[in-house]
Participant: 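The following block contains the structure, expressed as structure tokens.
Values in this document were obtained by computation on a predicted structure and should not be read as measured data. Remember, it's 1-based here, ligands and their atoms both numbered in the order they're listed.
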Amino acid sequence: MSKKPLILGIETSCDETAASIITENKQGNPKILSSIVSSQVDVHKEFGGVVPELAARSHIEKIEWIVQKAINESGKKISEIDAIASTAGPGLIVCLSVGLSFGKAFAASINKPFIAVNHLEGHALSPKLSSNLNYPYLLLLISGGHSQFLKVKGLGEYKRLGTTIDDALGEAFDKTAKLLGIEFPGGPQIEVLAKKGNPKKYDLPKPIFNKGGCNLSFAGLKTAVLKISKNIKTEKEKFDLAASFQRTIEEILYKKTKIAFNEFEKQDNFKEKIFVVAGGVAANKKIRSMLTNLCKKKNYQSIFPPVELCGDNAAMIAMVGLEKFKLKQFNNLDYPAKPRWPLDEKAAFLKGAGIKL
Ligand code: KG4
Ligand code: ZN
């Protein structure tokens, strides 16, 4: 039996320093041998957001032992690693540079191929770490920096069907949390507070709800939360606003996903009704169950990564590395960090994001 590929993944695009070793099992399915994620929440808490220089410094301090820990926990030797995959973008350039340089140097020192990975492609392929998934599929990518519906045609082949015209969904969660006085990063806390509140208490706007296809907009929602939050006096009102915000998001995603299903089915080479949700916000249980129910209604197979693989991690970077390794898609050691690196380059450079409202 030929040796199964062993890939080291490295992720430092924002405020998580992460390393992972993955391989394939006998059936050829990806298998995580180790996945270490070290968050920098404590570094950035007092500033209410990620400070790029502090994040980069923290990556530099931690990268070596995080990679060492990932290798130790995998039970493999350095000499058994077949390729090193590092996130090259998009993200904060000072942060990207740390993992990228480390990955290149590591690859050069053990004389193994280096693979540059798009962080968003990592999220897009993250469900492959736990489910069999055939191309093409419809992807809803909802993270701190991106909110998009994409047709995933294959490795490196994406067609954008819809995108946010202003804030990303994770950003909307984080800003709402901040207005409610919740410490950074507040997104996940909204879900906790929402459980205690009345979701019907506040009527919040749903920007471009009845126009713009499956494009999204969350900025108006944030402004409305800002106005209401100024008059909030009790804990109960705070819970009600968190619950109303989350209910509004659910309604927006429900409607826009239905539109995205139609768009997806109209695409060339449409085969199966497969819907994947990935990115940090995909960890939200209410959003997961609402979208799962919609998929049942519309006969879609719904696939979510396990919660620990929704947020930033290096197993998803190694996953892209594994697919690229099998196709011998290697990169040179002068590969640059790309702070901006859209999955669908054509759509990203359309004027006004190409959206007709
Ligand atoms: O994918 P991710 O870890 O990093 C980026 O690539 O941006 O996503 C982080 C985002 C943050 O905005 C965070 O508040 C949001 O995901 N998030 C959540 C939840 N968990 C993380 N938003 C809502 N509900 C959650 N449970
Ligand atoms: Zn991410």
Side-chain angles (χ1 to χ4, degrees), residues 9-18 20 35 37-41 44-45 48-50 52 55 86-92 95-96 99 117-127 129 139-148 150 163-164 167-180 182-195 216 218 221-222 225 242-243 245-250 252-253 276-291 304-320 339-343:
I10 298 174
E11 156 65 36
T12 63
S13 65
C14 191
D15 59 341
E16 257 98 26
T17 318
S20 167
S35 177
V37 182
S38 171
S39 164
Q40 302 177 357
V41 168
H44 305 290
K45 216 177 220 166
V50 177
S86 285
T87 303
L92 301 165
C95 296
L96 289 166
V117 174
N118 182 318
H119 177 88
L120 303 176
E121 183 150 48
H123 280 302
L125 267 54
S126 59
L129 289 160
L139 168 71
L140 170 60
L141 174 60
I142 35 179
S143 69
H146 296 84
S147 298
Q148 301 185 336
L150 293 142
T163 186
T164 176
D167 293 352
L169 184 52
E171 200 181 345
F173 266 92
D174 293 338
K175 285 179 178 168
T176 295
K178 208 170 178 176
L179 291 170
L180 295 182
I182 304 165
E183 261 189 3
F184 168 83
Q189 278 303 312
I190 293 282
E191 182 175 12
V192 178
L193 299 198
K195 278 190 202 143
L216 301 155
F218 302 109
L221 194 52
K222 175 187 64 194
V225 170
F245 170 80
Q246 191 165 271
R247 190 236 333 144
T248 309
I249 295 295
E250 282 174 47
I252 294 171
L253 289 183
V276 167
V277 188
V281 188
N284 185 294
K285 291 192 190 66
K286 282 284 277 175
I287 292 177
R288 283 170 95 97
S289 74
M290 177 275 294
L291 290 173
F304 295 84
V307 169
E308 65 277 13
L309 294 177
C310 287
D312 290 347
N313 64 86
M316 68 184 195
I317 304 305
M319 180 64 235
V320 179
R340 209 173 121 65
W341 188 1
L343 284 176

Participant: Using a strict cut-off of 4.0 Å, indicate which atoms of ligand 1 neighbour a heavy atom of G187.
Facilitator: 14 (O), 23 (C), 24 (N)

Participant: Could you check atom 14 (O) of ligand 1 against the protein and tell me its nearest heavy-atom contact, residue, atom and distance included?
Facilitator: D174 OD1, 2.6 Å

Participant: Test side-chain contact (heavy atoms from CB on, under 4.5 Å) on L92 and C14; report intermediate values, then the result.
Facilitator: CA-CA 6 Å; L92 301 165; C14 191; 4.3 Å; yes

Participant: For atom 24 (N) of ligand 1, what is the closest protein heavy atom, and at what distance to 0.1 Å?
Facilitator: N284 ND2, 3.1 Å

Participant: For ligand 1, which atoms sit closer than 4.0 Å to a heavy atom of G145?
Facilitator: 7 (O)

Participant: Quick check on contacts: which atoms of ligand 1 are under 4.0 angstrom from a heavy atom of G311?
Facilitator: 3 (O)

Participant: In terms of atom number and element, which parts of ligand 1 are under 4.0 angstrom from non-hydrogen atoms of E191?
Facilitator: 25 (C), 26 (N)

Participant: Would you tell me which option among Q189, E16, M316, H119 has the nearest heavy-atom contact to atom 6 (O) of ligand 1?
Facilitator: H119

Participant: Give, rounded to 10 degrees, the angle between NE2 (H119) and OD1 (D312) as seen from the Zn ion (ligand 2).
Facilitator: 90°

Participant: Would you say H123 contacts ligand 1, with heavy atoms under 4.0 Å as the rule?
Facilitator: yes

Participant: Do other residues, nucleotides or ligands put more than 12 heavy atoms under 6.0 Å from K178 NZ?
Facilitator: no

Participant: Can you tell which of A278, G144, G170 gets a heavy atom nearest to atom 9 (C) of ligand 1?
Facilitator: G144

Participant: What protein heavy atom sits nearest atom 2 (P) of ligand 1, and how far away is it?
Facilitator: D312 OD1, 3.4 Å

